[in-house]
There are 2 protein chains.
Amino acid sequence: MSDFRPASDRITIHDVAEGARVSTGTVSRVLNNRPGVNPRTKARVLEAMQSLGYRPDQAARELSFAQNRTIGLHVGSPVERNRPFFAQFLSHISRELRDSGFRFEEIRSRPDGMPEQIPDGLVLFGAHEADPRIPELRANSVPTVLLGRHNEVSCVAADDADGGRQVAEHLVRLGHTSFACILGGLHSQGEFDRLTGFRGGLARHGFELSNEMILDGEFTSLGAYRAMRRALERGLSVSAVFAASDEMAIGAMAAAEDHGVRVPLDLSVVGFDDMEGIAGDRLTTVRQSIADLAHSAVELLREQLAGGERRSITLPVTLIVRTSTARYWGGHEVS
Amino acid sequence: MSDFRPASDRITIHDVAEGARVSTGTVSRVLNNRPGVNPRTKARVLEAMQSLGYRPDQAARELSFAQNRTIGLHVGSPVERNRPFFAQFLSHISRELRDSGFRFEEIRSRPDGMPEQIPDGLVLFGAHEADPRIPELRANSVPTVLLGRHNEVSCVAADDADGGRQVAEHLVRLGHTSFACILGGLHSQGEFDRLTGFRGGLARHGFELSNEMILDGEFTSLGAYRAMRRALERGLSVSAVFAASDEMAIGAMAAAEDHGVRVPLDLSVVGFDDMEGIAGDRLTTVRQSIADLAHSAVELLREQLAGGERRSITLPVTLIVRTSTARYWGGHEVS
DNA sequence: CTGAAAGCGCTTACAG
DNA sequence: CTGAAAGCGCTTACAG
C-alpha cells in the first residue's frame, strides 16, 4: 500500500504530456493504442506514465469518448442475480466497458421482469430460449448481446460442449465406467450443451448416460447436495459425477462425504467454471474465463453499434485437474 | 420499454434549462437539491426534467464535482465476495457513490489479501476484529468505513442485536420454548451480536440457549443444511431455529423437510437479511436495508473526507413475519 | 507523426 | 435568487 496518494495530487494526462515533452493528444493516442505514433515517442510516453504512476480517469474518458454511449446489464431474475458467477461477470463487464469508454449501468427490472429502461446497448444475463426480453429488444432493434446461446441475438459463451467432452475424456482415461451428471434444471442452453458434450465424449468410448443418471441440482450447492444425497440413498452407484457448476460440484462432494463415499477414492467429481472462492484447491473443473467472456461481449456490442452484423463468439475452455478426480480401479464399492 | 431512445438524442442539462427558461447552473442546483432556489423556479425545472425524461450523466457529474475523489470497496476474501449480500451491497454502494459525485472502484486484492491500491477513501467489507487491513489503513490515515462493527474505525451496521431480540420476542410470543441458532462460525461481530440479542431476548422471558444449541452453518445454505441435519439426526429437539442469514435459514428449512420435520408446523425458522431472491415469500426474517447501509457508509466517508471525526451508525431492522414461523402448541413431536 | 483547440455534460465560485 | 463562464480530464477532428 505504498502508493497512497491524496486526491489533490491526481496526476493527469497533462503531467504525463509534460514529462514526455509531447502534447496531451499524443499521450491520449498512446493510452488508447491508436496507430500512427512514432515508436520512440510512444516509448517516452509509456515511460512517463510508468514513472509518474499515471492512471487514467474513467469518468473523463467516458465523457469525452465520441460514441458516448451507455451499455446496460440486465439479469433475468433475482435468483440469477445471486449467483456468484453473476457477481464476477458484473465486475468484469463493468470494468471492460469503462475501459472501452462506454458508460455502464446495471439495469433494474420492472415488476414484470423486463428491463426498467433501455440504454444504447444491452447485455443479457441468464436468458433462456423463450426469454420474453428478446422479441421486445429485437422489435426495437436495440443492440444486444446475450451471455449464453441463442440463435436470434449475438451471443458469447464458453465452449460448453467441448468442456463436457473434455470431462468425459478425462474420466474415461482415469478408468471410470459409470457416470452421473448434475444439472441446474435444463433451463439454459449452456447446461444442455455441457451435458450433450459430456454424453458425446462418453459415447465415443462406448459409454452412455441414461436419463436416471441426470440429477437436478437447481444450480446451487444445496440443491446438488440434496439431489446427490437422495440418489446415493436410492443406491446410485457410479464412480464419477460431472456437475454443471462448481457450486453444484461442491454440493455433490459434500453429499458423498456425508454418505460415507470418499472423494476421490470412491467417487470422482468434476465441476464447471473454476470460480475463485468456490472451486478451491481441490476441485477438478472446467475453467472458463469470465474476463474473456466480458471482453468478447463488449466487442460484439461495439460491432453492432457500428452497424455490423450479429455474430456469436465461443470461447475455449480448459480442464483443470485437481484432486477431486482420481484413477478408478473398479475395486471400491460405491454407495 | 417505451422510453427507447437512441444515444444521439441524449438530453442534457441544457435542454432542461431551455425548457424551463433558466440557466444550466440553476438546473444543476435543482438537480443537487441545493438550497436557495426559488420554489417556483424549482418547480418549473423539475417539470421540465420530468417531461423531457432527463437523466443526469454520471460521468459528467463525477468529473466536475469539486471533491473529485475516488472511493474504493474492498472485500476481505473471495469467499465473502461470493455472498449474495456482497453483490447487493456492491450494487447499492456504487450507485450511491456515483449519485454523490464520487468515483467508485472495486479494489482488487493483492496475493496477501491486502488492497491492491488505496483510493481516497475505502469501504471495507467482511472485516473481522483482527483484520490486518485496519492498522495499515489507520497508519496511513486513509478515510475508512467498515461494514459491520469495529471499534477503531467508523462503521455502519444494522442493529443486529435488536434483530436478534425481535426474533426472540416473536418466537416466545408464538409459544415456543426450545430454541436453536445457526451462525456462520462467529467470525464477524455482526453474527455475534445477533446471537447476543437473541439470547438476551430469550433471557427476558426466562429461556436460555445453551451452547449445544448453536450450530455452525458456515454462512451458506449448504453449511446450514448439513449442520441442521446432523443435529436433527443426533436428536436435536427444538421448536424454533434462528439462522443468522437467509441462506442459512433456507438450508435449515430444507434439512428439516428432508428429516420429516414440517415447517412451520413442527418447526419455526427465522432468517436474517430479507434478501431478494433468497428469502422468497415464505421465510420469516429480519429485514435490514442494504440501501440504507450503503447510504450511511457514504455519509460517514464524506464526513471523514471533510475532516470530521470517526463515528458509527446503527440502522434499525424490522421483523418480517411470513409463514415459516407459526404458533407452537407443544403438541407436535420434533425429530 | 504531432500539436492546438474544441467539446463531452456537469458543478461551482463569482458577480449581480 | 440567478446567470455567465471557467474548469473537471480526457478524445478527436483538423491542420500541419
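Chain letters run A, B, ... following the sequence lines, proteins first, then strands; residues in each count from 1.
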For the side chain of A:Thr41, counting heavy atoms from C-beta on, which of D:dC10, C:dT2, C:dC10 is nearest?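 The closest nucleotide is C:dT2.
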Under the salt bridge (Lys or Arg N to Asp or Glu O under 4.0 Å) rule, collect the residues that match up with [X], sequence neighbours excluded.
X: B:Arg44; result: none
X: A:Asp131; result: A:Arg133
X: B:Glu303; result: B:Arg311

Nearest-nucleotide 5' precedence on DNA chain D, B:Gly25 against B:Ala60: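 Counting from the 5' end, the first nearest nucleotide belongs to B:Gly25.
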Could you tell me whether B:Thr26 contacts a base, only the sugar-phosphate backbone, or nothing, with contacts defined as non-hydrogen atoms closer than 4.0 Å?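 B:Thr26: backbone/sugar contact only, no base atoms under 4.0 Å.
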Touch class at under 4.0 angstrom, heavy-atom based, for A:Val27 against every strand present: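 Since no nucleic acid heavy atom lies under 4.0 Å of A:Val27, the category is nothing.
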Given atom [atom1] of [X] and atom [atom2] of [N], what is their separation to the nearest angstrom?
X: A:Leu63; N: D:dT12; atom1: CG; atom2: P; value: 12 Å
X: A:Met49; N: D:dG9; atom1: CE; atom2: P; value: 17 Å
X: A:Asp99; N: D:dG9; atom1: CG; atom2: P; value: 19 Å
X: A:Arg103; N: D:dT11; atom1: CZ; atom2: P; value: 13 Å
X: A:Arg40; N: C:dT2; atom1: CZ; atom2: P; value: 11 Å
X: B:Glu62; N: C:dG9; atom1: CD; atom2: P; value: 15 Å
X: B:Arg55; N: C:dC8; atom1: CZ; atom2: C1'; value: 17 Å
X: A:Ile13; N: C:dG7; atom1: CD1; atom2: P; value: 19 Å

Does a side-chain N or O of [X] approach OP1 or OP2 of [N] to a distance below 4.0 Å, or not?
X: B:Arg34; N: C:dT12; result: yes
X: A:Ser23; N: C:dG3; result: yes
X: B:Ser28; N: C:dT11; result: yes

Involving DNA chain D, stems made of at least three consecutive Watson-Crick or G-U pairs, both distances under 3.5 Å: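 Consecutive-pair runs (3 or more) involving DNA chain D: C:1-3 with D:14-16, C:5-12 with D:5-12, C:14-16 with D:1-3.
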Quick check: does any side chain N or O of B:Thr144 sit under 3.5 Å from a backbone N or O of B:Val142, one acting as donor and the other as acceptor?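 Pair found, side chain donor or acceptor close to backbone of B:Val142.
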Okay, side chain of B:Asp159, backbone of B:Thr314: is any donor-acceptor separation there less than 3.5 Å?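 Absent.
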State which residues pass side chain to side chain contact (heavy atoms under 4.5 Å, CB included) with B:Glu152; sequence neighbours excluded, sorted by chain then number.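 Counting only residues at least two positions away or on another chain, B:Glu152 forms a side chain to side chain contact (heavy atoms under 4.5 Å, CB included) with B:Ile134, B:Arg138, B:His150.
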Take A:Val123 and A:Ile93 through the test side-chain contact (heavy atoms from CB on, under 4.5 Å) and record every step on the way to the result. CA-CA 9 Å; A:Val123 178; A:Ile93 191 98; 4.3 Å; yes
Tell me which pairs pass salt bridge (charged side-chain N to carboxylate O under 4.0 Å, His left out) where either residue lies in residues 72-88 of chain B, with sequence neighbours left out.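 Residue pairs passing salt bridge (charged side-chain N to carboxylate O under 4.0 Å, His left out), neighbours aside: B:Glu80-B:Arg83, B:Arg81-B:Glu106.
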N/O donor to acceptor pairs below 3.5 angstrom from side-chain atoms of residues 290-300 of chain A, sequence neighbours left out:
residue: A:Asp292; atom: OD1; partner: A:Ser289; partner atom: OG; Å: 3.4
residue: A:Asp292; atom: OD2; partner: A:Ser289; partner atom: OG; Å: 3.3
residue: A:His295; atom: ND1; partner: A:Glu96; partner atom: OE2; Å: 2.7
residue: A:Ser296; atom: OG; partner: A:Asp292; partner atom: O; Å: 3.0

Can you tell me how far C1' in D:dT12 sits from the matching atom in D:dG16, rounded to whole Å?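 That atom pair is separated by 16 Å.
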Return the set of residues passing side-chain hydrogen bond (donor to acceptor under 3.5 Å, both in side chains) with A:Ser77 (not counting sequence neighbours), or none when no residue passes.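 Applying side-chain hydrogen bond (donor to acceptor under 3.5 Å, both in side chains) to A:Ser77 gives none.
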Please list each protein N or O that sits under 3.5 Å from an N or O in nucleotides 14-16 of chain D, with the distance.
none

If you assign each of A:Gly36 and A:Thr24 to its closest nucleotide in DNA chain C, which residue comes earlier from the 5' end?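 Its nearest nucleotide being more 5', the pick is A:Gly36.
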